[in-house]
Amino acid sequence: MTVDKQPATTYITSSLSDYKLSKKDLNDWYAENFESLPLYTSDKSDEVTILSSFMHYYRQYHGNEDFIDTLGERIRELEDLERDSILLDIDEYINEWIDNVFYGFARIIKKLRKEPVFACIPNDLLVIKNLLKFYKEVREAEDIQLNFFHHISLPKRVADVMTDMLILLLSDKVELITLEPTLDQPLQNPGSTLTEASNDIFKINWLAPQQEFAELIHQLTEKGYLSLPDMSMASQARHLARIFDFSATQRKQNPDVANNLLAVLKPVQDKNLKTTTYSYLKPTYKMKFDSIPYRPHKKKPKAR
C-alpha cells in the first residue's frame, strides 16, 4: 500500500526513556501493533506523526538493530529526505499489518474475544458484525478516524483507505460464515452448488502437495480451461478448501487449509524485477502441468 503520492507534513518525536524492551515485551508490542484490529478512534488528522521508539522497536523485533539509548527530543518537522525515508518505513509497517491481518485473521479474532470489550459475546460472527458496524460508522464520520498503530498518527485519507479494506474483509467473512450450513440448520437452498460442496459428505481428495494444486489452478486459468468466480482471493481459497480434501499430504493436524491455499495461490510482486510470480515457484520446484496446451481461442502471452 502506498502511503501518499504527495506526503503530508511529517513530524517525529523521541521518547524520554530508553528503547530497550525484554523479548516478551517486544513480542507483546509487535502483537498490539501488527497482529490486531483497531478498536479506538482519534480526531481527524492531516499530518503524519511517529514516535521514534516505534521505529527502533520494529527493527529490534526483526533483529535489525541492537539496544540504543536516547536522551529524547522535542517534536520536530522532518526535512524532505528524512521525511521520505520515514514514509517508506510507514508504508512497510502498513503492508506488514495488512499481511498479518489477512493471514492471521482467525487468531486475531480469537484473541479479541478474550478482551473485556468482547468478553460476553458468544461467537466469532457477532464479534465480526460488531466490528463491521463500528468501522462503517467511523468511515462515514468526517471528523474522526481509526487508530491503527500505537504512537503513529496517519492522515485521515490513509486511515480511511485502510478502514475500507477492513470493511471489505469483514463483509467477506460474514458472508462466508453465514453460508456455512450446520447439522441443526438445514440448507435454505438445497440446489446450491456452493452449499452442497461445503458439506463434508462430498469432497474431492487431492493427493499431491498444495503447491502442485496451485500450479494446476494457475495453468488451467492462464490457458483458458478454468475461470474462477469474481470474488476476493481469500473467498476463492475458502471455497476451494471446502471442495477439496488435502489431508493426504498435510503435515500438521487441523491446519488452516484456506490460509495455506491462499499463500500458494496469491501472486507475489517482485519489486526489483517488476514481475508477478508465486511463492511455490522456487528454483527447486519442478513444474508438473506446464505442458498443458493453450485452448485454441486462448493465445499464449508474448515473452517479455
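- Counting heavy atoms from C-beta outward, Leu132 and Ser171 have side chains that approach closer than 4.5 Å.
- Here Lys136 contributes atom NZ and Asp164 contributes atom CG; the two are 11.5 Å apart, rounded to the nearest 0.5 Å.
- Between Glu137 and Lys133, at least one side-chain nitrogen of the basic residue sits less than 4.0 Å from a carboxylate oxygen of the acidic one, meeting the salt-bridge criterion.
- Here the straight-line distance linking atom CD1 of Ile217 with atom CD of Glu212 works out to 13.0 Å at 0.5 Å rounding.
- Crowding of Asp230 atom CG: a count of heavy atoms from other residues, nucleotides or ligands under 6.0 Å not exceeding 12.
- The closest side-chain heavy-atom distance from Lys173 to Leu168 is not below 4.5 Å.
- Tyr93 and Phe54 have their aromatic ring centers within a separation under 6.0 angstrom.
- A donor-acceptor pair is defined here as one N or O able to donate and one able to accept, closer than 3.5 Å; no such pair exists between the side chain of Gln219 and the backbone of Ile292.
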Item checked: Leu265 vs Glu215, side chain to side chain contact (heavy atoms under 4.5 Å, CB included): CA-CA, chis, key distance, verdict -> CA-CA 8 Å; Leu265 289 169; Glu215 183 202 342; over 6 Å; no
Name the atoms and distances for all side-chain donor-acceptor pairs under 3.5 Å in residues 108-115, with sequence neighbours left out.
| from | atom 1 | to | atom 2 | distance (Å) |
| --- | --- | --- | --- | --- |
| Lys111 | NZ | Glu35 | O | 3.2 |
| Arg113 | NH1 | Asp124 | OD1 | 3.0 |
| Arg113 | NH2 | Pro122 | O | 2.8 |

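- The shortest side-chain heavy-atom distance between Ile50 and His151 does not fall under the 4.5 Å cut-off.
- With a 6.0 Å radius and a threshold of 12 heavy atoms from other residues, nucleotides or ligands, Lys266 has its NZ atom above the threshold.
- Here the side chains of Leu262 and Phe102 are in contact, with some heavy-atom distance below 4.5 Å.
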Next item on the list: Report the C-alpha separation of Leu37 and Leu131 in whole Å, then their side-chain angles, then the decisive distance to 0.1 Å, and conclude whether the side chain to side chain contact (heavy atoms under 4.5 Å, CB included) test is met.
Entry: CA-CA 9 Å; Leu37 294 174; Leu131 286 171; 3.7 Å; yes
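- Between Ile204 and Asp245, the closest side-chain pair of non-hydrogen atoms is not below 4.5 Å.
- Atoms OH and NE2, on Tyr40 and His150 in that order, are 8.0 Å from each other to the nearest 0.5 Å.
- Between Lys23 and Asp28 there is no salt bridge, since no side-chain nitrogen of the basic residue lies less than 4.0 Å from a carboxylate oxygen of the acidic one.
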Check: Which is it for Lys156 and Asp46 under the salt bridge (Lys or Arg N to Asp or Glu O under 4.0 Å) test, yes or no, and what are the steps along the way?
Finding: CA-CA 6 Å; Lys156 178 174 172 59; Asp46 295 320; over 6 Å; no
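- Between atom CG of residue Leu26 and atom OH of residue Tyr57 there is a gap of 8.5 Å, rounded to the nearest 0.5 Å.
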Next item on the list: Check the pair Glu140, Tyr135 against side-chain hydrogen bond (donor to acceptor under 3.5 Å, both in side chains), reporting the backbone distance first and the verdict last.
Entry: CA-CA 9 Å; Glu140 291 172 359; Tyr135 294 155; over 6 Å; no
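- Asn100 places a side-chain N or O within 3.5 Å of a backbone atom of Phe34 that can act as its donor or acceptor partner.
- The shortest heavy-atom contact between Trp206 and Ala248 is O-CB, 4.0 Å.
- In this structure, Ile90 and Met55 have side chains that are not in contact, with every pair of non-hydrogen atoms separated by 4.5 Å or more.
- A donor-acceptor contact shorter than 3.5 Å is absent between the side chain of Glu47 and the backbone of Pro155.
- Between Phe213 and His218, the ring center distance fails the sub-6.0 Å criterion.
- By the criterion of side-chain heavy atoms lying less than 4.5 angstrom apart, applied directly or through intervening Ile, Leu, Val, Met, Phe, Trp or Tyr residues, Ile243 is not grouped with Leu207; the two fall into different hydrophobic clusters.
- The backbone N or O of Phe149 sits nowhere less than 3.5 Å from a side-chain atom of Asn147 that would complete a donor-acceptor pair.
- Across all their heavy atoms, Ser36 and Glu32 have their closest contact at OG-O, 2.7 Å.
- For the pair Ser153 (side chain) and Val48 (backbone), a donor-acceptor distance under 3.5 Å is absent.
- Inter-residue side-chain proximity for Val264 and Tyr278 is flagged as unmet; no heavy-atom pair is nearer than 4.5 Å.
- When atom types are taken as modelled, the side chain of Asp143 and the backbone of Lys44 share no donor-acceptor pair closer than 3.5 angstrom.
- Ring orientation note: the planes of Phe244 and Phe246 are tilted relative to one another, at an angle of 30° to 60°.
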Note to self: Let's go through Asn130 and Val117 carefully: what are the C-alpha distance in whole Å and the side-chain angles of both, what is the deciding distance for side chain to side chain contact (heavy atoms under 4.5 Å, CB included) to 0.1 Å, and is it a yes or a no?
What the structure shows: CA-CA 11 Å; Asn130 275 274; Val117 66; over 6 Å; no
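- What you find for Ala214 and Tyr280 is that their closest heavy atoms are CB-CE2, 3.8 Å.
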Notebook entry, point to check: Between Leu170 and Phe105, is a side chain to side chain contact (heavy atoms under 4.5 Å, CB included) present by the stated rule, with each step listed?
Noted result: CA-CA 10 Å; Leu170 297 185; Phe105 185 81; 3.4 Å; yes
Next item on the list: With side-chain hydrogen bond (donor to acceptor under 3.5 Å, both in side chains) as the test, would you mind laying out the steps for Thr163 and Asp160 before giving the verdict?
Entry: CA-CA 5 Å; Thr163 305; Asp160 283 352; 4.7 Å; no
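- At distances below 3.5 Å, not a single donor-acceptor pair connects side-chain atoms of Arg238 with backbone N or O atoms of Ala258.
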Item checked: Test side-chain hydrogen bond (donor to acceptor under 3.5 Å, both in side chains) applied to Glu222 and Tyr294, step by step -> CA-CA 8 Å; Glu222 179 184 343; Tyr294 282 81; 2.8 Å; yes
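- Using a 4.5 Å heavy-atom cutoff, the side chains of Phe148 and Leu146 are in contact.
- Between Leu261 and Gln210, the closest heavy-atom pair is N-OE1, 3.8 Å.
- In this structure, CG in Leu216 is found 4.5 Å from CZ in Phe289, a value given to the nearest 0.5 Å.
- Between Ile121 atom CD1 and Leu126 atom CG the span is 6.5 Å, to the nearest 0.5 Å.
- The backbone N or O of Val268 sits nowhere less than 3.5 Å from a side-chain atom of Ser279 that would complete a donor-acceptor pair.
- Cation-pi geometry between Lys288 and Tyr285 is met: under 6.0 angstrom from the ring centre, within 45 degrees of the axis.
- A pairwise comparison of heavy atoms in Thr277 and Leu281 identifies OG1-CD1, 3.7 Å as the closest pair.
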Check: For Asp290 and Lys223, what are the C-alpha separation, side-chain angles and deciding distance, and is it a salt bridge (Lys or Arg N to Asp or Glu O under 4.0 Å)?
Finding: CA-CA 10 Å; Asp290 54 330; Lys223 295 178 178 178; over 6 Å; no
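- Remark: aromatic rings of Trp29 and Tyr58 are distant, center separation not under 6.0 Å.
- A donor-acceptor pair under 3.5 Å links the side-chain atoms of Gln145 to the main chain of Leu154, judged by distance alone.
- Counting all heavy atoms, side chain and backbone alike, Thr249 lies closest to Ala208 at OG1-O, 3.2 Å.
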